[in-house]
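So that the names make sense, note that chain A is the first sequence line, chain B the second, and so on, each numbered from 1.
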Number of protein chains: 4
Amino acid sequence: MSKGRLEAFSDGVIAIIITIMVLEMKVPHGDRLQDLAPLLSVFLSYVLSFVYVGIYWNNHHHMLHATTNVTGAMLWANLHLLFWLSLFPFATGWMGENHFAAVPTALYGVVLLMAAIAYYLLEQAIIRAQGPDSILKRAVGRDWKGKLSLVLYLLAILLTFVSPWIAEALFVLAALIWWIPDRRIERALSSD
Amino acid sequence: MSKGRLEAFSDGVIAIIITIMVLEMKVPHGDRLQDLAPLLSVFLSYVLSFVYVGIYWNNHHHMLHATTNVTGAMLWANLHLLFWLSLFPFATGWMGENHFAAVPTALYGVVLLMAAIAYYLLEQAIIRAQGPDSILKRAVGRDWKGKLSLVLYLLAILLTFVSPWIAEALFVLAALIWWIPDRRIERALSSD
Amino acid sequence: MSKGRLEAFSDGVIAIIITIMVLEMKVPHGDRLQDLAPLLSVFLSYVLSFVYVGIYWNNHHHMLHATTNVTGAMLWANLHLLFWLSLFPFATGWMGENHFAAVPTALYGVVLLMAAIAYYLLEQAIIRAQGPDSILKRAVGRDWKGKLSLVLYLLAILLTFVSPWIAEALFVLAALIWWIPDRRIERALSSD
Amino acid sequence: MSKGRLEAFSDGVIAIIITIMVLEMKVPHGDRLQDLAPLLSVFLSYVLSFVYVGIYWNNHHHMLHATTNVTGAMLWANLHLLFWLSLFPFATGWMGENHFAAVPTALYGVVLLMAAIAYYLLEQAIIRAQGPDSILKRAVGRDWKGKLSLVLYLLAILLTFVSPWIAEALFVLAALIWWIPDRRIERALSSD
């Protein structure tokens with residue numbers, strides 16, 4: 001299995017996921033500004049999921065960049081990740097249409113959690129295939145970002161039943177954690 | 001016809017099929033956990049089809065890997081395979097929405113059977129184009145996996161009318177047969 | 001504009017068109033075989049369109065293969081072709097849902113005609129860019145296939161109002177004309 | 001981040017956007033010509049958006065062509081552009097279904113404006129990364145086309161409430177401005 005085709009297939013699936021999510025935002029029948037109002041929560045859910053899928057695409061690329069050969073275990077770990085990402089449109093649509101109600105928000109958290117676990121499993125499959133001198137192992141280190149987000153998603157799922165807004169805040173926080181250090185690493189790299 | 005473009009087009013179609021299947025899982029209107037209950041069979045159908053499309057993508061890649069030139073017959077055999085794969089979202093949706101009822105389960109089996117036949121025809125088209133020293137011929141041997149799955153799908157279609165659950169079990173069994181040896185071959189290859 | 005990206009973009013759009021056409025075949029609510037009966041015409045329309053889009057993809061590839069540089073005129077002629085191809089799902093769905101009624105069949109013919117004209121314009125744009133020694137010019141010759149299909153589509157549109165079935169027969173005939181010689185040319189080429 | 005994968009992902013998303021827009025043109029239930037009449041405004045909106053997305057795809061390619069390395073800022077500026085482009089199907093559908101009513105036309109203008117701003121930000125991110133000798137900086141010059149379109153979109157949004165047709169005319173005008181000079185530059189380049 002060549003890395004190029006794995007990347008191309010993953011890119012294709014992620015590009016479709018990020019784009020069909022917008023289909024959950026149904027065109028309203030009226031033509032006035034207030035006809036858009038019920039769509040606000042759908043739109044905000046879409047923005048959040050767009051950012052998350054963007055982060056996954058970005059990190060997925062970096063991870064495969066540090067990969068040399070592709071094993072069967074990696075291939076299935078990758079499909080497993082794509083499976084959970086493919087549930088984003090459904091989870092986003094349900095949360096958005098129900099204006100961030102508790103159960104749909106918790107389900108959204110479960111999908112985020114499962115995608116994060118799948119990402120971690122893919123990372124481990126690559127590291128195992130690379131052996132003791134794994135480039136990826138050195139790059140991710142103890143992977144505190146991965147572990148912290150798992151904790152945040154779990155916390156968010158539990159706190160949904162106190163208030164869904166705490167959960168939403170934790171989802172935004174986890175996205176920021178992934179988003180900001182990417183730029184820091186990049187600066188570090190470009191200063192070499 | 002270059003192999004690269006055939007692969008890229010097939011990857012594109014398969015990536016879209018695997019992703020739009022999720023659109024058959026319609027967002028429910030209520031916001032409680034029990035509103036998700038009627039979707040359980042749709043979800044399980046989706047998981048099964050996701051695994052099948054993943055297996056096809058994986059094997060399709062291996063088959064094309066052992067291919068050097070692309071003939072017109074191969075091109076149309078490939079489009080024929082993509083045609084049957086493109087019916088997965090429809091067959092999956094019908095089976096899931098009807099909670100694994102007999103006729104939709106049988107139709108799902110027919111689509112699996114036709115896709116397996118199309119895959120076999122593509123394999124034969126490639127072997128014929130490669131002549132007596134076909135690399136693919138040596139790789140697939142007598143292709144017992146391909147022939148066994150045809151028998152399993154046929155059996156499943158017939159047994160649907162005894163109980164659809166026997167059919168579902170056979171679909172899962174056929175998927176496992178394809179899934180497991182892939183890893184065994186890989187280990188054999190990596191131990192060289 | 002590199003040829004590679006033009007090919008990749010066209011492949012992407014064509015792969016999506018060929019796949020989303022299947023979404024017009026809505027999952028029926030009942031779970032009996034007779035619930036599929038009203039979908040027969042939608043299914044047959046889908047098969048016809050799948051073959052047509054497959055033929056376009058195949059020929060599009062051959063045409064670009066004989067292309068060296070990409071000009072702005074070619075790029076817009078290509079987008080113009082993709083525009084008419086993008087109307088296939090709509091025209092297919094309308095014809096299928098109305099069981100090959102006269103007006104939807106005529107509209108389907110109009111979309112086929114416009115796509116064929118767009119294909120011809122793209123061909124001419126490439127030939128013009130290649131100058132007097134155009135490789136494509138020699139390959140297509142007087143392009144009797146292109147001209148004959150225009151006549152067949154026009155005839156089909158007119159004869160729809162006598163009987164839509166004559167039109168359908170002409171659509172199938174035009175597809176066969178494109179499909180068969182492809183294999184003949186290939187044999188000629190491979191016998192060199 | 002390699003430029004190739006950024007291009008491939010952007011191409012994928014843009015190819016999906018341009019194709020799923022057609023799904024907003026719902027197949028009508030009747031089979032007569034007058035059943036298509038209510039779809040005329042949806043069709044015209046689709047044509048306009050197809051041209052706009054085509055222009056974006058074309059210019060996006062030219063811009064990345066003048067790019068050497070990919071930074072994190074460029075990656076997120078690119079995702080930001082894809083986000084606004086992904087709202088085209090929604091804005092197009094709403095404007096079309098409401099026959100170019102004032103508020104949906106204004107929203108369409110807002111999406112065009114935001115996409116144009118996102119495009120400008122991506123341009124600036126690339127120029128900043130390239131430093132004082134930026135190839136892209138020289139290519140776009142003072143970018144009068146980019147600035148003029150911002151003014152036209154703003155004007156269109158405001159004038160929607162006088163008459164939506166003035167806004168539509170301005171949208172067409174802005175598209176023409178982008179479309180025509182592309183061919184002029186190309187001729188200039190090919191005369192070298």
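When all heavy atoms of D:V103 and A:R32 are compared, the closest pair comes out as CG1-C, 4.2 Å. Counting all heavy atoms, side chain and backbone alike, D:N98 lies closest to A:H29 at OD1-O, 3.3 Å. Residues D:G12 and A:A15 come closest through the heavy atom pair C-CB, 4.2 Å. Minimum heavy-atom separation, A:G54 to D:W76: C-CH2, 3.9 Å. Residue D:R5 comes nearest to A:H60 through the heavy atom pair NH2-ND1, 3.3 Å, listed as atom of the first residue, atom of the second, then distance. Minimum interatomic distance between D:W94 and A:G30 (heavy atoms only, all atoms of both residues): NE1-O, 2.8 Å.
Contact of A:L23 with chain D is made through the side chain alone, with heavy-atom distances under 4.5 Å. When heavy atoms are compared at a cutoff of 4.5 Å, A:L39 approaches chain D solely by way of its side chain, counted from C-beta outward. Both the backbone and the side chain of D:L82 come within contact range of chain A, with heavy atoms under 4.5 Å apart. Contact annotation for A:I18: only side-chain heavy atoms (C-beta onward) come within less than 4.5 Å of a heavy atom of chain D.
Here the CZ atom belonging to D:F90 is positioned 11.5 Å from the OH atom belonging to A:Y46, to the nearest 0.5 angstrom. To the nearest 0.5 Å, the span separating CD1 on A:I20 from CD1 on D:I20 amounts to 8.0 Å.
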Exercise for the section: Run the numbers on A:V47 and D:F83 for side-chain contact (heavy atoms from CB on, under 4.5 Å), then give the verdict. Expected result: CA-CA 8 Å; A:V47 173; D:F83 175 78; 3.6 Å; yes
Practice task
Could you walk me through whether A:T19 and D:V13 pass side-chain contact (heavy atoms from CB on, under 4.5 Å), step by step?
Solution key: CA-CA 6 Å; A:T19 321; D:V13 172; 3.9 Å; yes
Practice task
Evaluate the side-chain contact (heavy atoms from CB on, under 4.5 Å) criterion for residues D:H99 and A:D31: first the C-alpha distance (whole Å), next the side-chain angles of each, then the deciding distance (0.1 Å), finally the verdict.
Solution key: CA-CA 9 Å; D:H99 311 281; A:D31 66 355; over 6 Å; no
Exercise for the section: Determine, step by step, whether D:L79 and A:N58 satisfy the side-chain contact (heavy atoms from CB on, under 4.5 Å) criterion, reporting the C-alpha distance in whole Å, the side-chain angles of both residues, the deciding distance to 0.1 Å, and the verdict. Expected result: CA-CA 10 Å; D:L79 274 172; A:N58 189 1; 5.8 Å; no
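With chain D as partner, the option from A:V51, A:L36, A:V22 having the largest number of non-hydrogen pairs under 4.5 angstrom is A:L36.
Annotation: side chain of D:L87 is in contact with side chain of A:M25 (closest heavy-atom distance under 4.5 Å).
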